[in-house]
Undergrad: 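Got a structure for you, written out below as structure tokens; questions coming shortly.
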There are 2 protein chains.
Amino acid sequence: MSDVPDQPDPSLRLLWRHRTDGREETKVKRGPKQKVSVDEVVDAAIDLADAEGLAAVTMRAIAQRFGLGTMTLYSYVPSRDALLVLMADQVTGRTTLPDLPDDPRKRLELVANLAHDELRAHPWLLEVQDVRPWLGPNMSDRYEWQLRAVDGLGLTDLEMDQTVAVLIGFAGNIARSELMKRRAEQVTGMTEAEWWEANYDTLEEVMAGSHYPLANRVGTAAGEAYQAATDPARELDYGLARIIDGVLAHVGKRSPD
Amino acid sequence: MSDVPDQPDPSLRLLWRHRTDGREETKVKRGPKQKVSVDEVVDAAIDLADAEGLAAVTMRAIAQRFGLGTMTLYSYVPSRDALLVLMADQVTGRTTLPDLPDDPRKRLELVANLAHDELRAHPWLLEVQDVRPWLGPNMSDRYEWQLRAVDGLGLTDLEMDQTVAVLIGFAGNIARSELMKRRAEQVTGMTEAEWWEANYDTLEEVMAGSHYPLANRVGTAAGEAYQAATDPARELDYGLARIIDGVLAHVGKRSPD
DNA sequence: CTCCAATTTCGTACGCTGTACGAAGATGAC
DNA sequence: GTCATCTTCGTACAGCGTACGAAATTGGAG
């Protein structure tokens, strides 16, 4: 019956709080002043996530940082999930977006590398996935910047969006590999090479009945090249070059002038 | 002091249980027979994950399926994390690997599409990340098959591995988009178009002070084309074509005969 | 100033998780 | 028959997000 839209996403206003306050009705605020600000809460959560991982970002731990009761946080933020989204947008705002170079290839590389560096610095971003794309102010700025990087290449509007998605998705995958690798060394207390050495005999034994000629050849090559099964940094260079090759070939094919 | 390698990963033997039992010392087994098998436990966990998501895969829920006490599961599997790895390998074994076509492009497409279809059918695989790559028998078979798909193209050994990684990583990203979209509709109870409609007014209001000319143009184009912000299926076709273009251009450049 | 409504603060409690521990029961080898 | 060994599983614990409701604090109205 109600043509009126369902109540909108409540965290939208929270995400955009800095660009909407001052405007509109700033409601009267009775009751005690809040002891800290939403920004401080979100920043503390970001620091915690950077230092100890997303799992360490518990409502209790954040509250303790401010000497507040746990439940007090819920007057700043509606839920932990909402807090994670605020963290993602806020940390995105910390990266200043550089000017885009003229060279198309350099532009696309910059988009991917910026995303990659950011995810390297804040790997917990990989674990924050909301039900909806984040749509905060800093994410929106970022997206606009990313679109500028692929604008004017000869792509359709839809292809522009898809190209950005491929680039940052790829950067995310590399960052995920690096995170897994780092975590593995931390959890097991051994480097990748040490792990292979420690498990070599077992692997030989269990794999005795199977044949993996290519995997063995490739694995040996990788082991000699990096002393590890994979090297995300080189994977980044290689994959990024191939993707950009493909995109530039695509637009070159279309308008070969 | 001990040059002897640290105790090897305990779940390796469990992963390869089917290709090692019968061989070696099958130790004497006293005590009661186990009421179910490891395979049944893993299959039940897979069914649960398929039906209700990975979060529903709790030790209590699995035990209940067999009428067992919760702690009984720990005589089959050392931990929940180990179980997840077993699930990943076991579900990988369910997909039969088709013969590889002769056409290089079709080979690479097949690798990506197979991964994509699998992740679509078992999206919880996206959430299973172990500290080490899985290295189970079915994963190993899969990897060997993937390498066969990129063998003979003119890539170096390292590039073969990296190319496979790019392809399946891309497939995973598309699958992740699709999962997010499905979950969003399920959680919010509204389609993507409905969500945009419901939040349109709020978005206009909060974004009033910001300017996103490209994002607006692209968003409008996407909205008209798919009635949604993104269309993972088209993103798959587009991105995959670009990546394969780039890879084939790379090997073509090297040996242009 | 008084008083009330609004707001923040936060202690307690609930249901959920993985799993450590140890007792109890079942079984095969001697 | 005895015993070592293995499976089964009840109980318990620490940790999580957060619902609920009481207490404290404040600004505005009369």
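A, B, ... follow the sequence lines: proteins, then strands. Residue 1 opens every chain.
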Undergrad: Are side-chain N/O atoms of B:Q90 and B:N138 paired as donor and acceptor at under 3.5 Å?
TA: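 B:Q90 vs B:N138: no donor-acceptor pair found between side chains.
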Undergrad: CG of B:L73 versus C1' of D:dT7: gap in Å, rounded?
TA: 12 Å
Undergrad: As a test of reading the structure: which of D:dT5, C:dG18, D:dC9 is closest to the side chain of B:R30, going by heavy atoms?
TA: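 The answer is D:dT5, which lies nearest to the side chain.
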Undergrad: Between B:F66 (CZ) and D:dT8 (C1'), how many Å, whole number?
TA: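 My rounded result for the distance is 15 Å.
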Undergrad: Roughly, in whole Å, what's the span from OH in A:Y76 to P in C:dT7?
TA: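 Interatomic distance, OH of A:Y76 to P of C:dT7: 15 Å.
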Undergrad: Looking across every strand, which nucleic acid part, if any, lies under 4.0 Å from B:G69 by heavy atom: base, sugar-phosphate, or nothing?
TA: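 It contacts sugar-phosphate atoms only.
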Undergrad: Can you say whether a donor on the side chain of A:R60 sits under 3.5 Å from an acceptor on the base of D:dG15, or the other way round?
TA: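 In this structure, the two groups form no donor-acceptor pair.
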Undergrad: Let me know the distance between OH of A:Y74 and P of D:dC16, rounded to the nearest Å.
TA: 11 Å
Undergrad: Measuring to OP1 and OP2 of D:dC9, would you say a side-chain N or O of B:T70 lies under 4.0 angstrom away?
TA: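 So the side chain of B:T70 is outside the cut-off, no N or O lying under 4.0 Å from OP1 or OP2 of D:dC9.
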Undergrad: Is it true that B:D141 and B:R19 make a salt bridge, defined as a side-chain N closer than 4.0 Å to a carboxylate O?
TA: yes
Undergrad: So among A:H116, A:R142, A:Q146, which one has a side-chain contact (heavy atoms from CB on, under 4.5 Å) with A:V111?
TA: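 Answer after filtering A:H116, A:R142, A:Q146: A:Q146.
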Undergrad: In whole Å, what is the span from the NZ atom of B:K35 to the C1' atom of C:dA26?
TA: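 In whole Å, C:dA26 C1' lies 9 Å from B:K35 NZ.
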Undergrad: Expressed in angstrom and rounded to an integer, what is the separation of B:Q34 atom CD from D:dT7 atom P?
TA: 5 Å
Undergrad: Is there a donor-acceptor contact under 3.5 Å linking the side chains of B:H211 and A:E144?
TA: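 Note: B:H211 and A:E144 side chains miss the donor-acceptor criterion.
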Undergrad: Tell me the interatomic distance from A:M59, atom CE, to C:dA13, atom P, rounded to whole angstroms.
TA: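 Atom CE in A:M59 sits about 21 Å away from atom P in C:dA13.
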Undergrad: Please tell me which of the listed nucleotides, C:dC10, D:dT18, D:dT7, lies nearest to the side chain of A:L68?
TA: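 Closest nucleotide among those given: C:dC10.
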Undergrad: Quick one: do B:K181 and B:E235 make a salt bridge, cutoff under 4.0 Å?
TA: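 Salt bridge absent between B:K181 and B:E235.
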Undergrad: With a non-hydrogen cut-off below 4.0 angstrom, is B:T58 in contact with a base, only sugar-phosphate, or nothing?
TA: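 The answer is sugar-phosphate, as B:T58 gets under 4.0 Å only of primed atoms, P, OP1 or OP2.
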Undergrad: Check every atom of D:dC9, C:dG28, D:dG17 against the side chain of A:R80 and return the nucleotide holding the closest atom.
TA: D:dG17
Undergrad: Pick base, sugar-phosphate or nothing for B:V57, based on heavy-atom distances below 4.0 Å to the nucleic acid.
TA: sugar-phosphate
Undergrad: Given D:dT18, C:dT9, D:dT7, identify the nucleotide with an atom nearest to the side chain of B:P32.
TA: D:dT7
Undergrad: Rounded to the Å, how far apart are A:M71 CE and D:dC16 P?
TA: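 In whole Å, D:dC16 P and A:M71 CE are 14 Å from each other.
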Undergrad: Between B:K33 and D:dC6, does any side-chain N or O lie under 4.0 Å from OP1 or OP2?
TA: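 No, outside the criterion.
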